[in-house]
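Below, each value reflects all heavy atoms present in this structure, side chains not excepted, and no hydrogens, waters or symmetry copies. Proteins come first, then strands; the chains are lettered A, B, ... in the order of their sequence lines, and each starts at number 1.
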Number of protein chains: 2
Amino acid sequence: MIPDNAAATPSLLDACAPVRAILNRVGDKWSVLLVMALCAGPRRFNDLKRAVPGITQRMLTLTLRGMERDGLITREVFPTTPPRVEYALTELGRSLREPVEAIGQWAVANEAKIAAAQARYDAVNG
Amino acid sequence: MIPDNAAATPSLLDACAPVRAILNRVGDKWSVLLVMALCAGPRRFNDLKRAVPGITQRMLTLTLRGMERDGLITREVFPTTPPRVEYALTELGRSLREPVEAIGQWAVANEAKIAAAQARYDAVNG
DNA sequence: CTGAATCCCCGAGGATACTG
DNA sequence: CAGTATCCTCGGGGATTCAG
């Protein structure tokens with residue numbers, strides 16, 4: 001529960017509300033992997049399942065649903081037999097790649113520094 | 001557990017390993033709020049606790065520890081009575097602000113689109 | 001004041017089986 | 001093929017208490 005003084009300091013938490021919603025998706029392991037998997041073009045359900053090793057059907061469905069709800073991907077059903085469903089990034093979803101890749105490049109660029117810092121920290125502490 | 005065919009498709013998951021480590025921190029609610037709280041300058045423990053409404057002592061401690069281990073912040077102890085500990089962003093921590101703010105600006109810029117997409121989705125579905 | 005330690009709960013998410 | 005339904009566990013994280 002938010003304490004009583006929340007109204008006195010709303011700026012930080014409230015201002016970040018929409019940002020955090022995005023961060024929850026961006027920080028989500030499966031979402032990021034799916035965005036990357038969909039960069040090349042539309043893909044089918046089981047195709048994505050194979051492209052993202054380790055994901056379960058459940059999480060694939062849930063993540064795709066969430067991303068579709070956020071308008072990041074589209075879901076197109078072809079009424080064939082067997083059924084066929086294609087997922088594709090929307091313009092919005094593609095535009096998300098840029099800032100996400102900025103984070104990714106920061107991570108790659110500073111990977112060594114972070115590893116060194118961790119090694120230093122672990123050496124001093126247990 | 002990663003399935004046996006992990007070795008056959010290592011690129012996607014493995015290439016993202018360091019990135020995901022960062023994303024776990026960037027996507028972390030408390031980490032982001034702490035980075036923002038520390039932007040203005042060094043702050044003390046209880047000062048941060050007040051600045052980030054809703055955070056518990058436990059999570060504040062754990063998050064600060066993690067960020068210190070990653071080399072994002074420094075922890076300086078002043079052997080006074082009562083004890084006094086100041087936390088501050090490192091150069092690395094400050095450099096993280098840029099890509100994080102890129103995400104933030106994307107979120108703000110596309111907030112309306114996302115809300116609209118969600119409203120559309122919710123109108124069609126339950 | 002700055003933590004460490006403890007308890008506990010709840011929900012994300014994995015495994016499995018079933019359906020249109 | 002593309003999901004849905006069900007069960008279950010595992011750990012993140014909140015509340016509380018103790019310590020230096």
Side-chain angles (χ1 to χ4, degrees), chain A residues 1-4 6 13 20-21 23-34 37-38 42-69 73-88 121 124-126, chain B residues 1-6 13 20-21 23-34 37-38 42-69 73-88 121 125-126:
Chain A
M1 165 119 36
I2 300 295
D4 297 337
L13 277 178
R20 278 232 311 280
L23 253 49
N24 284 339
R25 197 151 285 303
V26 163
D28 178 34
K29 170 185 180 179
W30 299 129
S31 295
V32 175
L33 292 175
L34 283 178
L38 287 171
R43 284 193 176 217
R44 305 178 50 179
F45 187 86
N46 275 2
D47 191 8
L48 286 171
K49 186 159 155 35
R50 277 185 295 272
V52 181
I55 196 171
T56 60
Q57 283 192 350
R58 172 187 161 79
M59 289 318 295
L60 180 53
T61 300
L62 288 180
T63 307
L64 288 171
R65 285 265 188 286
M67 295 173 68
E68 185 195 0
R69 179 168 185 270
I73 62 175
T74 58
R75 177 177 182 271
E76 189 173 8
V77 182
F78 298 87
T80 60
T81 60
R84 171 183 180 172
V85 182
E86 275 195 354
Y87 295 90
Y121 184 93
V124 174
N125 310 285
Chain B
M1 170 101 52
I2 302 294
D4 296 337
N5 63 353
L13 278 177
R20 278 232 311 279
L23 253 48
N24 284 339
R25 197 151 285 302
V26 165
D28 178 34
K29 170 183 179 178
W30 300 129
S31 296
V32 175
L33 292 176
L34 284 178
L38 287 171
R43 285 195 176 216
R44 303 179 52 180
F45 187 85
N46 274 4
D47 191 10
L48 287 171
K49 186 158 155 36
R50 278 186 295 272
V52 182
I55 195 171
T56 59
Q57 283 192 351
R58 172 187 163 78
M59 289 318 296
L60 180 54
T61 300
L62 288 180
T63 307
L64 288 171
R65 284 268 187 285
M67 294 173 69
E68 184 194 1
R69 179 169 184 270
I73 62 173
T74 58
R75 176 176 183 271
E76 188 173 9
V77 181
F78 298 87
T80 61
T81 60
R84 170 183 181 172
V85 182
E86 276 196 353
Y87 296 90
Y121 184 92
N125 310 286

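- Atom pair L60(A):CG and dA12(C):P shows a separation of 18 Å (rounding to whole Å applied).
- In this structure, the side chains of L33(B) and T63(B) stay at 4.5 Å or more apart for every pair of heavy atoms.
- Taken to the nearest 0.5 Å, the CZ atom of R44(A) stands 9.0 Å off from the CZ atom of F78(A).
- In this structure, M59(B) and R75(A) both approach DNA chain D, and ranking their closest nucleotides by distance from the 5' end singles out R75(A).
- Residue contacts for R58(A): at a heavy-atom cut-off of 4.0 Å it reaches a base atom on one of the strands shown.
- Among the heavy atoms of the strands lying under 4.0 Å from Y87(B) are primed sugar atoms or P, OP1, OP2 only; no base atom is included.
- Just one residue in the list I55(A), T56(A), L60(A) forms a side-chain contact (heavy atoms from CB on, under 4.5 Å) with R58(A), and that residue is T56(A).
- In this structure, CG of N46(A) is placed 14 Å from C1' of dT4(D), rounded to the nearest angstrom.
- Taking atom CG on L62(B) and atom C1' on dA15(D), their separation rounds to 14 Å, with Å as the unit.
- Taking 4.0 angstrom as the limit, T56(A) places none of its side-chain polar atoms (N or O) nearer than this to OP1 or OP2 of dA15(C).
- Looking at the side chain of W30(A), the nearest of the listed nucleotides dT17(D), dG14(C), dG3(D) is dG14(C).
- Of all nucleotides listed (dG14(D), dG3(C), dG20(D)), dG20(D) comes nearest to the side chain of P83(B).
- We find that CD1 of I55(A) is positioned 14 Å from C1' of dA12(C), with the value rounded to whole Å.
- For the pair N24(A) CG and dA12(C) P, the computed distance is 11 Å after rounding to whole Å.
- Between the NZ atom of K49(B) and the C1' atom of dG3(C) there is a distance of 12 Å, rounded to whole Å.
- Here the options are L62(A), I73(A), D28(A), T74(A), the test is side-chain contact (heavy atoms from CB on, under 4.5 Å), and the partner is M67(A); only I73(A) passes.
- Taking atom CD of residue Q57(B) and atom P of nucleotide dC1(C), one finds them 10 Å apart after rounding to whole Å.
- For T61(A), taking side-chain heavy atoms from C-beta onward, the closest of the listed nucleotides dT4(D), dT2(C), dA4(C) is dT4(D).
- For the pair R43(B) (side chain) and A37(B) (backbone), a donor-acceptor distance under 3.5 Å is present.
- Across the protein-nucleic acid pair, R50(A) atom CZ and dG3(D) atom P stand 14 Å apart, rounded to whole Å.
- Looking at the side chain of D28(A), the nearest of the listed nucleotides dT2(C), dA2(D), dG13(C) is dG13(C).
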